[in-house]
Amino acid sequence: HHSHAALHIYETAHLHRNEESHMLALKACRQCPAHDLQLLERGRRICLKLEQHVQQCNRRRHQCVIALIRFYAHASDVGNALRCFQLVRDEQKSAALVNAMIQAYTLNRDTESALALYWTHIRVNDDFTHLVALKACIKAGDFEHGRRIHAYVSERKERMQTPLKNTL
């Protein structure tokens, strides 16, 4: 499998590792089945290294946190995904960061938390966030909540992107 080969290179090459190499290694971990416990453990070790970069307030902080959230979501570890999400102060959270956490909750069947997060961070939500929230509603069969999102978006959007129009 290509992911195993990529991780082997990451782990054995004597190159300088930075946040980019850590994020690529985590992406390789996410490409493998979630039941591959050995691979998940390797991913967790990479997460620790990437979290050290995040703690140092590097220039790619949001991208690093998103990579961490996506890995933890794949590993069914929503607690650590949320912990990483909370490393970024609310006023600095971007739509992409909120989207990643909503997707983490949805992937792990916690649509109630996903939708609560959607409304909590409504000020940064973009068209993709609305799509992610609507997909959470569909997955949960929560059509009433979906109608609320539809009404909210319809009232505020004059020119929405095609994928959102199609979903609505």
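In this structure, Arg70 CZ and Asn99 CG are separated by 8.5 Å, a value rounded to the nearest 0.5 Å. One distance of note links CG of Leu50 with CD1 of Ile46; it measures 9.5 Å at 0.5 Å rounding. In this structure, NE2 on His150 lies 14.5 Å from CZ on Arg148, to the nearest 0.5 angstrom. Residue Ile149 holds its CD1 atom at 12.5 Å from CZ of Phe143, rounded to the nearest 0.5 Å. Annotation: the span from Lys27 atom NZ to Cys29 atom SG amounts to 13.0 Å, rounded to 0.5 Å. One finds the NZ atom of Lys93 at 8.0 Å from the CG atom of Leu117 (value rounded to the nearest 0.5 Å).
Environment of NZ in Lys49: crowded, with over 12 heavy atoms of neighbouring residues, nucleotides or ligands closer than 6.0 Å. Within 6.0 Å of the CD atom in Gln38, the count of heavy atoms belonging to other residues, nucleotides or ligands does not exceed 12. Surrounding CD of Gln86 are more than 12 heavy atoms belonging to other residues, nucleotides or ligands, all under 6.0 Å away.
With hydrophobic clusters built from ILVMFWY side chains whose heavy atoms lie under 4.5 angstrom apart, Leu107 does not share a cluster with Val65. Residue Leu48 is not grouped with residue Leu40 when hydrophobic side chains (ILVMFWY) are merged at heavy-atom distances under 4.5 angstrom, including chains of intermediate members. Note on Leu87: it clusters hydrophobically with Leu26, by side-chain heavy-atom contacts below 4.5 Å among ILVMFWY residues.
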| request: Tell me, with the steps shown, if Val132 and Thr129 meet side-chain contact (heavy atoms from CB on, under 4.5 Å). | output: CA-CA 5 Å; Val132 170; Thr129 315; 5.6 Å; no
| task | Evaluate the criterion side-chain contact (heavy atoms from CB on, under 4.5 Å) for residue pair Thr106 and Gln103; output intermediate values, then yes/no. | result | CA-CA 5 Å; Thr106 303; Gln103 288 174 315; 5.6 Å; no
| message | Pair Val153, Glu155 - check side-chain contact (heavy atoms from CB on, under 4.5 Å), show working. | response | CA-CA 5 Å; Val153 171; Glu155 288 174 7; over 6 Å; no
| field | Residues Tyr152, Ile122; criterion side-chain contact (heavy atoms from CB on, under 4.5 Å); working and verdict | value | CA-CA 10 Å; Tyr152 174 82; Ile122 197 72; 3.2 Å; yes
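Between Ala95 and Asp126, the closest heavy-atom pair is CB-OD2, 3.4 Å. Scanning both residues, Leu115 and Ala136, for their nearest heavy atoms gives CD2-CB, 4.2 Å. In this structure, Ile69 and Cys84 approach most closely via the heavy-atom pair CG1-CB, 4.3 Å.
With sequence neighbours left out, His74 forms a ring-ring contact (aromatic ring centres under 6.0 Å, His included) with no residue at all. For Arg45, there are no salt bridge (Lys or Arg N to Asp or Glu O under 4.0 Å) partners two or more places apart in sequence or in a different chain.
Annotation: side chain of Arg123 is not in contact with side chain of Asn125 (no heavy-atom distance under 4.5 Å). For the pair Val98/Met101, no side-chain contact is recorded, criterion being any heavy-atom separation below 4.5 Å from C-beta on. Using a 4.5 Å heavy-atom cutoff, the side chains of Leu97 and Ile66 are in contact. Within the 4.5 Å cutoff, the side chain of Cys47 has heavy atoms near those of the Tyr72 side chain.
Taking the centre of each ring, Tyr118 and His145 stay at or above the 6.0 Å mark.
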Side-chain donor/acceptor pairs under 3.5 Å, residues 75-83, sequence neighbours excluded:
unit_1 : atom_1 : unit_2 : atom_2 : d
Ser76  : OG     : Asn108 : OD1    : 3.4
Asp77  : OD1    : Asn80  : N      : 3.2
Asp77  : OD2    : Arg44  : NH1    : 2.9
Asp77  : OD2    : Asn80  : ND2    : 2.8
Asn80  : OD1    : Arg83  : NE     : 2.8
Asn80  : OD1    : Arg83  : NH2    : 3.0
Arg83  : NH1    : Glu51  : OE1    : 2.8
Arg83  : NH2    : Glu51  : OE1    : 3.1
Arg83  : NH2    : Glu51  : OE2    : 3.0

